[in-house]
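So the structure is just underneath, and the comments pick up after that.
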There are 2 protein chains.
Amino acid sequence: MCELLGMSANVPTDICFSFSGFLHRGGGTGPHRDGWGIAFYEAGGYRDFRDPHPSVDSPIARLICDYPIKSHVVISHIRQANVGQVRLANTHPFTREMWGRPWCYAHNGQLSHEWKQLPLSFYQPVGDTDSEHAFCWLMGELRRAFPEPPTDRDALWRYLHELCEHLRTFGVFNLLLADGESLYTYCSTKLAHITRRAPFGRASLSDAELAVNFAEHTTPNDVVSIIATEPLTDNEDWVRMEPGELLVWRDGEIQGRYQT
Amino acid sequence: MCELLGMSANVPTDICFSFSGFLHRGGGTGPHRDGWGIAFYEAGGYRDFRDPHPSVDSPIARLICDYPIKSHVVISHIRQANVGQVRLANTHPFTREMWGRPWCYAHNGQLSHEWKQLPLSFYQPVGDTDSEHAFCWLMGELRRAFPEPPTDRDALWRYLHELCEHLRTFGVFNLLLADGESLYTYCSTKLAHITRRAPFGRASLSDAELAVNFAEHTTPNDVVSIIATEPLTDNEDWVRMEPGELLVWRDGEIQGRYQT
């Protein structure tokens with residue numbers, strides 16, 4: 001199993017604190033030694049950093065901790081391989097362009113072998129994981145249904161929920177997906193979230209000896225939500241998502257909620 | 001104008017030496033202060049590092065110099081903006097997936113305003129540069145002509161040359177393009193290359209006080225070709241490409257040559 005970390009914020013925010021705890025699970029406090037990746041959306045642009053080596057040993061991961069990249073939306077993943085070799089092409093997050101937007105995807109879970117029958121159209125996998133295949137299928141289905149960006153966002157979100165529900169019939173499918181504005185989180189078995197806003201307090205990481213007083217790093221209007229496989233801090237109340245639940249986040253707030 | 005740097009090699013090779021000289025042009029010895037990027041193909045996978053800040057000041061660029069990523073094919077670009085703002089979405093190299101392969105592209109030059117009329121199909125630009133628009137057009141035309149990866153490579157390469165010749169009618173169009181195996185270099189005005197093989201000698205950079213004795217870092221069978229806007233070393237004989245020339249590189253060797 002892998003671990004997921006996502007962020008949605010209403011102001012460009014760095015994820016150094018959460019990422020510091022998260023990456024300790026990549027071969028440190030956790031068993032996820034098979035690569036890691038993180039993707040940032042910044043001012044309409046997109047970039048990701050991926051490494052097929054454990055995050056605790058990775059100089060690129062250390063750079064990300066030390067170099068605060070400020071972003072509205074972040075997706076990160078640490079991997080414990082079950083399908084597909086440990087190599088760069090199998091390292092999340094995956095990305096494809098649709099409607100002139102870079103879409104980014106990370107998956108936690110494992111699908112039964114029938115995933116190979118999910119039919120592909122516009123998008124083909126580069127590596128050989130169930131995760132990337134499911135991503136290509138999902139994006140292809142969205143693009144077939146909506147050749148142009150839909151004006152009816154609810155129709156898009158509802159269809160995305162349907163597609164996720166279908167993928168859940170193949171096995172464990174916890175998802176982080178983003179299009180640069182919205183962050184979509186779908187829970188099959190395990191995802192938790194927390195929204196931080198004024199008055200900001202102190203948080204301490206479960207996986208590393210690190211604490212932060214958010215009041216020192218924020219302004220009163222900031223809203224920052226963090227979504228992760230397991231709560232990252234031990235002194236805050238995280239909300240666990242329900243199986244079959246899709247949340248649509250924008251600017252740190254929940255914009256849409258779809259349930260089984 | 002921007003600057004391009006490419007590498008094709010028959011063994012996984014790091015590009016630290018050439019990149020060290022090249023990045024000095026990004027705001028150091030050159031006027032290209034508007035971002036930089038570098039893409040690596042490793043064992044069938046792809047990753048790029050992009051930064052909208054000058055390469056001489058960039059902690060990510062320093063990481064790339066210090067952390068030898070070994071690759072068969074590399075594409076790098078430093079930017080002096082002429083079309084499109086300085087922002088991440090406009091920072092080369094650009095990438096799109098076709099036939100389950102990550103294609104990567106960087107452009108040097110400027111196209112006349114008619115580039116906006118180049119019709120797009122499968123691929124849409126994320127940013128607003130002439131370069132990315134031309135890339136999306138080029139990839140769309142290739143995909144229309146070859147919905148599947150062609151077995152006749154010569155047909156693909158000849159068609160790619162035709163498309164480049166068409167883009168050259170819009171202005172200056174020096175190109176680096178890669179599909180993970182082949183590196184394609186097209187010269188509109190300025191590109192030079194050098195192939196290093198046994199017996200390896202010493203090389204010294206034009207832009208920085210750095211020299212290397214390749215004999216200490218290579219084996220007798222290594223073949224490494226470097227392609228750049230301007231020669232990067234001052235003690236070796238670089239070959240300048242002809243306007244209208246497309247070279248196809250694989251494993252450090254020229255596999256195909258197409259001319260006007």
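Reminder, nothing fancy here: chain letters follow the sequence lines and each chain counts from 1.
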Select one option (side chain, backbone, both, neither) describing which atoms of [X] are under 4.5 Å from chain B's heavy atoms.
X      : answer
A/R50  : both
A/P125 : backbone
A/D51  : both

- Message: Can you tell me which residue among A/F135, A/F173, A/F94 is in a ring-ring contact (aromatic ring centres under 6.0 Å, His included) with A/H107?
- Response: A/F173
- Task: Could you have a look at A/W99, A/Y123, A/Y67 and say which one has the most heavy-atom pairs with chain B under 4.5 angstrom?
- Result: A/Y67
- Picking from A/M98, A/R47, A/R101, A/R87, which has the most non-hydrogen pairs under 4.5 angstrom with chain B? A/R47
- Item | Pair B/K70 + B/E42: basic N to acidic O under 4.0 Å | no
- Query: Do the ring centers of B/H72 and B/W249 come within less than 6.0 Å of each other?
  - Reply: no
- Query: Just by modelled atom types, is the A/C2 backbone N or O under 3.5 Å from a matching donor or acceptor in the A/N108 side chain?
  - Reply: yes
- Note on the structure: Under 4.5 Å to a heavy atom of chain A? For B/L120 that would be neither
- Task: Tell me, please, whether B/F122 has B/R143 positioned over its six-membered ring: NZ or CZ under 6.0 Å from the ring centre and within 45 degrees of its axis?
- Result: yes
